[in-house]
Trainee: 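Before I ask anything, here is the structure I am working with.
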Protein chains: 2
Amino acid sequence: MAQAGRRPGQTETRERILDAARQRFGAQGYSGATVRGIAADAGVNAALLHHFFGSKQKLFVAAMNIPVDPEVVVPLILSGPVEETGERLVRMFLGFWETPDGRAPFLAMLRSAATSEPAAAMMRQFMEQAVLAKVAEARGIPRTRVAAAAAQMMGVALLRYIVRVPALADATPDELVKLLAPVVQHYLDGDGS
Amino acid sequence: MAQAGRRPGQTETRERILDAARQRFGAQGYSGATVRGIAADAGVNAALLHHFFGSKQKLFVAAMNIPVDPEVVVPLILSGPVEETGERLVRMFLGFWETPDGRAPFLAMLRSAATSEPAAAMMRQFMEQAVLAKVAEARGIPRTRVAAAAAQMMGVALLRYIVRVPALADATPDELVKLLAPVVQHYLDGDGS
């Protein structure tokens, strides 16, 4: 009764949009879902949705609790000296994973993708379009090379933070940067060797 | 009633040992469980267990349905020209994962490790002792480098076969070998660069 007659505020509207987004992304995937459709489901117009979230990509990041916004992170990766991209990327990646709170949402995303095809489809399309395609285009290299670099880092996350194999779990972040940065750099240099 | 009075045969004894092994490995991990303890639980002597399975490692591989026996695979990886180890390893790894039947047990192991700490502990100890330590010792390189090579391949498996990111899922095995073999070789060469 306390809320009777209260007008829905910004928080309620935002939550309604996020709920609708989770439904649509879950049912149609990242590519299939449209901002217009999500707005309609939430009973708001597309302009209001844009006011709240800015873009389909940012809406996805918010709805899926993705801990990292590629619209922020990708430019950071690509800024600065080209020959230090590998080191910058590995340091940033380890930074996300190094604390239990930081890695929790990544773990949730990985576990969902490993056990549910709709979750895998969302992660797949999002990674390809929001991360791999953008880095590949900016650097003028094949997406496969960017994906191989991503695979290197995700494999380390798997073995260091989930399986906790001592050979990787006991290494310091600096040791890992020294080990992995040249490989990530090699892929992003795109020299094909 | 059909089985009344029937003496337990080899199959039953084998299954009883495997059940006991799963219990012990689950409760005590790969390092903590002993062949003697497993034999006692199964009501057989250690000599009979050795007759059936040969070693603790082989018993673990059988009990956990691990699709690959490191006692077979590690020597294969280490045989042949040293400068082709990267290519040999990547081809072998992709061979295991390339068919749905081949990757099913790997997927089961990964999913268990990602969601259960006892399963993660078993995978952790087994990888470290049966794979990483042996390759590192044979090559005279730090385990961390072998683990980084393993992480590269497991990350590719994750993105190619589970998340199915197009950049990796659409590549041919030969394209992946060309892309990944130099990196795996680099780690195993141990030149520290």
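We name chains A, B, ... by the order of the sequence lines, and we start the count at 1 in each one.
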Trainee: Going by side-chain contact (heavy atoms from CB on, under 4.5 Å), A:Val163 matches just one of B:Arg124, B:Met154, B:Gln125. Which one?
Mentor: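 Passing option: B:Arg124.
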
Trainee: Out of B:Ala113, B:Ala114, B:Ala150, which one racks up the most heavy-atom pairs below 4.5 Å with chain A?
Mentor: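 Heavy-atom pair counts peak at B:Ala114.
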
Trainee: Considering only heavy atoms, which portion of B:Arg164 lies under 4.5 Å from any heavy atom of chain A: side chain, backbone, both, or neither?
Mentor: both

Trainee: Mind checking whether A:Val74 and A:Val82 sit in one hydrophobic cluster, side chains of I, L, V, M, F, W, Y counted as touching below 4.5 Å?
Mentor: no

Trainee: Which pair of heavy atoms, one from B:Leu179 and one from A:Ala148, lies closest together, and at what distance?
Mentor: CD2-CB, 3.6 Å

Trainee: More than 12 heavy atoms of other residues, nucleotides or ligands under 6.0 Å from CD of B:Glu71: yes or no?
Mentor: yes

Trainee: Look up atom CE in A:Met153 and atom CD in B:Gln152, then write down how far apart they are to the nearest 0.5 Å.
Mentor: 10.0 Å

Trainee: Can you tell which part of A:Leu132 gets under 4.5 Å to a heavy atom of chain B, answering side chain, backbone, both or neither?
Mentor: side chain

Trainee: Looking only at heavy atoms and a cut-off of under 4.5 Å, which of A:Arg160, A:Arg111, A:Met127 has the most pairs with chain B?
Mentor: A:Arg111

Trainee: Any idea which of B:Ile162, B:Leu159, B:Leu176 has the most non-hydrogen atom pairs under 4.5 angstrom with chain A?
Mentor: B:Leu159

Trainee: Supply the atom-to-atom distance A:Glu175 CD to B:Thr144 OG1, rounded to the nearest 0.5 angstrom.
Mentor: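 Result: 7.0 Å between the selected atoms.
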
Trainee: Measure across B:Tyr187 and A:Leu180 and return the closest heavy-atom pair with its distance rounded to 0.1 Å.
Mentor: OH-CD2, 3.5 Å

Trainee: Output the distance between atom CG (B:Leu158) and atom CE (A:Met123), rounded to the nearest 0.5 Å.
Mentor: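 Going from CG on B:Leu158 over to CE on A:Met123, the span is 6.0 Å.
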
Trainee: Considering residues, nucleotides and ligands other than A:Gln129, do more than 12 of their heavy atoms fall under 6.0 Å from its CD?
Mentor: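 Atom CD in A:Gln129 is crowded, with more than 12 foreign heavy atoms closer than 6.0 Å.
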
Trainee: Any donor and acceptor pair, going by atom type alone, linking the side chain of B:Glu128 with main-chain N or O of A:Ala167 inside 3.5 Å?
Mentor: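 Checking the backbone N and O of A:Ala167 against the side chain of B:Glu128, a donor-acceptor pair under 3.5 Å is found.
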
Trainee: Nearest 0.5 Å, please: how far is CG in A:Leu110 from CG in B:Leu110?
Mentor: 10.0 Å

